[in-house]
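To start, the structure itself, in structure tokens.
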Amino acid sequence: MDAIQEEHAVDDVVRRLEQRFSDLPADRVQAVVTACYASLSDKPVRDFIPVLVEHEARSRLRAERPDARDAHNAPLAGFRAR
């Protein structure tokens with residue numbers, strides 16, 4: 001993956017997380033993704049950087065929510081856990 005492909009992949013991460021965390025401001029999602037991306041800037045192997053950025057950004061954004069969960073982790077309507 002070259003630098004341009006990596007940047008496009010990280011832009012895709014931003015778009016996916018903006019949709020998933022639509023209750024948070026888009027600029028906050030962008031800032032978290034940017035911080036996660038910057039934290040990996042010195043890593044020599046770049047192939048999995050977008051995946052690692054998405055994973056870390058999702059974790060950080062989840063932690064910022066008041067109830068600390070997102071819609072993907074919410075219980076299904078009408079489903080009662082045992």
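Everything numeric here is computed off the predicted structure, so don't read it as measured data.
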Could you measure the distance from the CG atom of Asp2 to the CZ atom of Arg46? Nearest 0.5 Å is fine. 12.0 Å
Find out if a path of hydrophobic residues (ILVMFWY) with successive side-chain heavy-atom gaps under 4.5 Å connects Val53 to Met1. no
Quick one: CG on Leu52 to OG on Ser39, what's the gap to the nearest 0.5 Å? 9.0 Å
Only one of Glu6, Glu54, Glu56, Glu7 passes side chain to side chain donor-acceptor pair (under 3.5 Å) with Tyr37; say which it is. Glu6
Taking C-beta and beyond as the side chain, do Arg20 and Arg15 meet within less than 4.5 Å on heavy atoms? no
With no hydrogens and no angle check, do the side chains of Glu18 and Ser22 hold a donor and an acceptor under 3.5 Å apart? no
Check whether any side-chain heavy atom of Phe21 lies under 4.5 Å from a side-chain heavy atom of Glu64, and answer yes or no. no
Straight-line distance of Asp47 CG to Gln5 CD, nearest 0.5 Å: 9.5 Å
Any non-hydrogen side-chain atom of His8 less than 4.5 Å from a side-chain atom of Pro50? no
From CZ (Arg28) to CG (Leu17), nearest 0.5 Å: 12.5 Å
